[in-house]
2 protein chains.
Amino acid sequence: MSREASAETDVLLRRHGLQVTAQRLAVLRAVSDRAHRTADDIYRVARAEIGAISSQAVYNTLTALTDKGILRRIQPAGSPARYEDRVGDNHHHLICRTCRRMIDVDCAVGDTPCLTAADDSGYEIDEAEVIYWGRCPECVAGPRSRAVTHHKETAREEKDRRV
Amino acid sequence: MSREASAETDVLLRRHGLQVTAQRLAVLRAVSDRAHRTADDIYRVARAEIGAISSQAVYNTLTALTDKGILRRIQPAGSPARYEDRVGDNHHHLICRTCRRMIDVDCAVGDTPCLTAADDSGYEIDEAEVIYWGRCPECVAGPRSRAVTHHKETAREEKDRRV
DNA sequence: GGCTGATCTAGACTCACTCCAAGGTTGGGG
DNA sequence: CCCCAACCTTGGAGTGAGTCTAGATCAGCC
Ligand SMILES: [Mn+2]
Ligand SMILES: [Mn+2]
Ligand SMILES: [Zn+2]
Ligand SMILES: [Zn+2]
């Protein structure tokens, strides 16, 4: 898997005129490993994996890859930016107001969805960004103390959530 | 107008258990005067109007009014928060990638719109936030140097845009 | 194995807030 | 008209999430 994946990733980077570096591969792995991580999450994961990487390199890489369209950046209100490698399908997001959990939602409309506003006022629209806000099943069931701290678990990678 | 509006606003504030102060009225006026202003815009406008107001008071007021549902806060990627008094109709926004101009878009679906995600995964959705990204007619026509600096005009209130 | 531009690093810096503290002012119920 | 909780002010410190810069290092081509 890792050999294979790495080869693919190499090609991906080179195709976009980017050098292949340990840092970039680590960032890319951290993102594809789990969607919607923050720059800080990615920094931590990548650092754990390759030992040394600066947060600056993470920011640079994320910006470069986002600019190239290899990654997608999501910036929900009240949260640092999150990244994913599921690009080009204009899917949407559903975020729990209580615990900040974020999940993917396929577009209700289709492939090139919701790109048609009721009245575009002459604007040339290229993206319809949709964020659904609400409460996840767990938080609806019982807003236990755990729920409140959940958004911090992203950092701890939600390892032992179900203990 | 101002007498009338002020009376209405008084009632609005009191109904929510808030005292009526010169600062709050000025903030409210700055917001209703032009939608989608930033806290800093509002600070400047209010200060020009009533002479003295601290930015702290602006932040406090905006937070209080947003919490009460009197104002709505919009936080688009790459921009400080913006405020409007058009609440409760779940309308959407259309933002120009080039000049940051932001306009309202009525919901394509209806009154309680787009609240139905394709698959809500058991979430209890209460809001569908939609931001359309693209380029405004002016920026499409010709990305003149003016366009680039346009987002700064918000600060200058776009007074002399069409000179 | 060298060269050179692309990349990485540490550290300073910015922006948009947020959160005090301490004292001064004011709205509005009685 | 009085009072006091609610509100505002100055001033300052602190924070999260980045951006910017300058010098060190490395990828990839010869
Ligand atoms: Mn996603
Ligand atoms: Mn609006
Ligand atoms: Zn939740
Ligand atoms: Zn524009």
Side-chain angles (χ1 to χ4, degrees), chain A residues 6 9-28 36-44 46-47 49-68 70-71 73-83 100 151-152 154-155, chain B residues 6-7 9-28 36-44 46-47 49-68 71 73-83 100 151-152 154-155:
Chain A
S6 170
T9 311
D10 281 27
V11 173
L12 181 66
L13 288 172
R14 270 192 265 267
R15 193 169 55 224
H16 286 277
L18 297 170
Q19 285 187 189
V20 178
T21 69
Q23 290 85 348
R24 281 174 180 169
L25 293 175
V27 165
L28 231 20
H36 311 148
R37 275 180 166 149
T38 65
D40 190 63
D41 292 340
I42 294 162
Y43 170 60
R44 235 106 42 82
R47 159 170 289 255
E49 231 201 297
I50 66 171
I53 184 174
S54 66
S55 64
Q56 201 41 238
V58 172
Y59 279 115
N60 289 346
T61 299
L62 289 172
T63 299
L65 299 186
T66 302
D67 288 352
K68 293 293 187 181
I70 297 171
L71 295 183
R73 176 188 286 128
I74 307 130
Q75 281 160 280
S79 157
R82 288 161 187 281
Y83 296 85
R100 300 273 123 187
H151 76 283
K152 267 298 162 200
T154 307
Chain B
S6 172
T9 311
D10 282 25
V11 173
L12 181 65
L13 288 172
R14 270 192 266 270
R15 194 168 55 224
H16 287 278
L18 298 170
Q19 284 188 190
V20 179
T21 69
Q23 291 84 351
R24 281 172 182 170
L25 293 176
V27 165
L28 232 19
H36 312 145
R37 276 180 165 150
T38 66
D40 191 63
D41 292 339
I42 294 162
Y43 171 59
R44 234 105 41 84
R47 159 169 289 252
E49 229 199 300
I50 66 171
I53 184 173
S54 65
S55 63
Q56 204 40 242
V58 172
Y59 279 116
N60 290 345
T61 299
L62 290 173
T63 300
L65 299 186
T66 302
D67 288 351
K68 294 291 186 181
L71 295 183
R73 177 186 285 129
I74 307 131
Q75 284 161 275
S79 157
R82 287 159 187 284
Y83 297 85
R100 301 272 124 186
H151 76 283
K152 266 298 160 200
T154 307

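We name chains A, B, ... by the order of the sequence lines, and we start the count at 1 in each one. Everything quoted here is computed from the prediction, not taken from an experiment.
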Grab the CD1-P distance between I50(B) and dT26(C) for me, whole Å please. 12 Å

Measure the distance from CG on D40(A) to P on dG16(D) and round it to the nearest whole Å. 10 Å

Measure from CG on L13(B) to P on dG28(C) and round the result to the nearest Å. 9 Å

In whole angstrom, give the distance that lies between atom NZ of K68(A) and atom P of dA6(C). 11 Å

Rounded distance in Å - CZ (R73(B)) to C1' (dT18(C)): 12 Å

Would the base of dC8(D) count as contacting Q19(B) through its side chain, where contact means a donor and an acceptor less than 3.5 Å apart? no

From the options dG28(C), dC20(D), dC8(D), select the nucleotide whose nearest atom is closest to the side chain of T61(B). dC8(D)

At less than 4.0 Å, is any side-chain N or O atom of T21(A) found next to OP1 or OP2 of dC8(C)? Yes or no. yes

Please give me the minimum heavy-atom distance between P80(A) and T38(A), naming the atom from each residue. CG-CG2, 3.9 Å

Determine the contact category for A52(B): base if any of its heavy atoms lies under 4.0 Å from a base atom, sugar-phosphate if only primed atoms, P, OP1 or OP2 are that close, otherwise nothing. sugar-phosphate

Can you check whether R14(A) has a side-chain N or O nearer than 4.0 Å to OP1 or OP2 of dG28(D)? yes

Output the rounded distance in Å from CG (D67(A)) to C1' (dT7(C)). 16 Å

Pairs meeting criterion side chain to side chain donor-acceptor pair (under 3.5 Å) with involvement of residues 11-23 of chain B, two or more places apart: D10(B)-R14(B)

Regarding the side chain of I53(B), the nearest nucleotide among dG28(D), dT9(D), dT19(D) is dT9(D)

Distance, nearest 0.5 Å, that separates CZ of R73(B) from CG of D67(B): 7.0 Å

Side-chain H-bond candidate by donor/acceptor type, T63(A) with N60(A), under 3.5 Å: no

Given dA16(C), dT9(D), dT21(D), identify the nucleotide with an atom nearest to the side chain of Q56(A). dT21(D)

Of all the choices, dT10(D), dT9(C), dC17(C), which nucleotide is nearest to the side chain of N60(A) once you look at every atom? dT9(C)

With sugar-phosphate meaning primed atoms plus P, OP1 and OP2, does A39(A) contact a base, only sugar-phosphate, or nothing at under 4.0 Å between heavy atoms? nothing

Of the nucleotides dT18(C), dT7(C), dC7(D), which has the atom closest to the T63(B) side chain? dT18(C)

Closest to the P80(B) side chain, choosing from dT10(D), dA16(C), dT7(C): dA16(C)

Taking 4.0 Å as the cut-off, does a side-chain nitrogen or oxygen of Q23(A) come that near to OP1 or OP2 on dT9(C)? yes

L71(A) CG to Y83(A) OH distance, which is reported to the nearest 0.5 Å: 8.5 Å

Here the distance between atom C1' of dA27(D) and atom CG of L25(A), to the nearest Å, is 12 Å

Rounded to whole angstroms, how far apart are OH on Y59(B) and P on dT9(D)? 15 Å

